[in-house]
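In what follows, every heavy atom counts, from backbone to side chain, and hydrogens, waters and symmetry copies are set aside. Just so you know, ligand 1 is whichever comes first in the structure, and atom 1 is the first atom listed for that ligand.
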Amino acid sequence: MKKKTEKLLEILTAQPVIPVLKIDRLSDAVPLARALAKGGLPAIEITLRTPDAIDAIRLVVDEVPEAIVGAGTILTKKDFTKAEEAGASFIVSPGTTEDLLDAAEDSHVPFLPGAVTPSEIMALREEGYRVLKFFPAEQAGGAAFLKSLASPLADMRFCPTGGISPQNAGDYLSLPNIVCVGGSWIAPDAELKAGNWAAIEELSRQATGLRQA
Ligand code: 3PG
């Protein structure tokens, strides 16, 4: 577990923002990952919210060596296995289930499970987890909530996602218990639909300028 936590931290602390991606057209996957990496955000989370998500992960893993491809919105053990087989470097879930914890235990791929309440966080801490997703961040209490966890749960660190934007990202990134934030604003639907890779590269570049604790 320690090794997987170290690997996860290595990925998540290398950039202030992890782009959370919903890829509707498989042909967008490679140019999108290239643009994000070129802008300075090689680690990405491709969510399993579209039918082609697993193929998109496989394609980016095969064709964009500079990308570090995570799989997100993993809800079941089956999803976990499929993402792992597609070559995902890390696996993200909005929450936690026993089944997902079992899958993660059997896997060499680091897992970022979701938790919000102190009890959920403590349960994962007992399982050996030290880095968690905090979702939906803004709706669940935002940066103020996370700040209040830093003292009682001092060895737990978080990647908040949900409702984060360039305007509020700094509130999170300035906290000592935040490793990075996640957000979909770096790859807006309109730019994706238009294939405007230069605009996405620029959004990626701007995001790299956000502060990281
Ligand atoms: C996620 O799964 O991490 C979120 O849906 C991303 O939230 P956002 O779209 O509000 O950035």
Side-chain angles (χ1 to χ4, degrees), residues 8 11-13 15-24 28-29 32-33 35-36 39 41-54 56-57 60 67-76 79-80 82-83 88-97 100 104 110-117 120-121 124 129 131-146 157-173 175 177-193 199-200 202-212:
L8 192 59
I11 295 169
L12 300 182
T13 56
Q15 55 192 61
V17 183
I18 304 290
V20 176
L21 308 175
K22 184 171 154 280
I23 299 176
D24 286 306
D28 290 342
L32 172 61
L36 291 166
L41 300 176
I44 57 177
E45 177 188 325
I46 297 180
T47 61
L48 267 64
R49 295 182 201 174
T50 56
D52 286 339
I54 289 289
I57 291 169
V60 176
I68 300 164
V69 189
T73 319
I74 297 292
L75 305 181
T76 65
D79 291 344
F80 194 113
K82 280 199 273 182
S89 293
F90 62 103
I91 306 268
V92 187
S93 176
T96 307
T97 67
L100 283 174
F111 181 41
L112 182 70
V116 171
T117 67
E120 290 168 356
I121 295 162
L124 285 166
Y129 287 87
V131 192
L132 307 177
K133 173 165 169 144
F134 178 78
F135 172 83
E138 278 291 291
Q139 297 79 356
F145 186 104
L146 282 162
R157 300 174 79 186
F158 301 91
C159 169
T161 80
I164 299 182
S165 66
Q167 285 68 43
N168 61 14
D171 299 343
Y172 291 92
L173 292 168
L175 301 176
N177 56 347
I178 301 306
V179 286
C180 63
V181 300
S184 59
W185 85 85
I186 301 132
D189 271 347
E191 308 296 7
L192 265 168
K193 274 204 185 91
I200 291 176
E202 183 50 31
L203 285 166
S204 172
R205 188 164 295 116
Q206 285 168 11
T208 62
L210 292 165
R211 267 179 307 131
Q212 201 163 14

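Of the possible polar contacts, none joining the Ser93 side chain to the Leu75 backbone as a donor-acceptor pair under 3.5 Å is found. A donor-acceptor pair under 3.5 Å is absent between the side-chain atoms of Glu45 and the main chain of Val69, judged by distance alone. Checked by atom type and distance alone, the side chain of Thr96 never pairs as donor or acceptor with a backbone atom of Pro113 at under 3.5 Å. In this structure, Asp24 contributes its side chain and Lys193 its backbone to no donor-acceptor pair below 3.5 Å.
Between Ala187, Gly162, Pro19, it is Gly162 that holds the heavy atom closest to atom 7 (O) of ligand 1. Ranked by closest heavy atom to atom 2 (O) of ligand 1, the top entry among Glu138, Arg49, Glu45 is Arg49.
Residue contact check: Gly183 has heavy atoms under 4.0 Å from atoms 11 (O) of ligand 1. Short contacts between ligand 1 and Lys133, defined as distances under 4.0 Å to a heavy atom of the residue, involve ligand atoms 1 (C), 2 (O), 3 (O).
No close placement of the Phe158 and Tyr172 rings is indicated, their centers lying 6.0 Å or farther apart.
Residue Gly163 places a heavy atom less than 4.0 Å from ligand 1.
There is no side-chain donor-acceptor pair under 3.5 Å between Lys22 and Ser184.
The single protein non-hydrogen atom nearest to atom 4 (C) of ligand 1 is Phe135 CE1, 3.7 Å, given as residue, atom name and distance. The protein heavy atom nearest to atom 11 (O) of ligand 1 is Ser184 N, 2.9 Å. In terms of protein heavy-atom proximity, atom 3 (O) of ligand 1 is nearest to Thr161 OG1, 2.6 Å.
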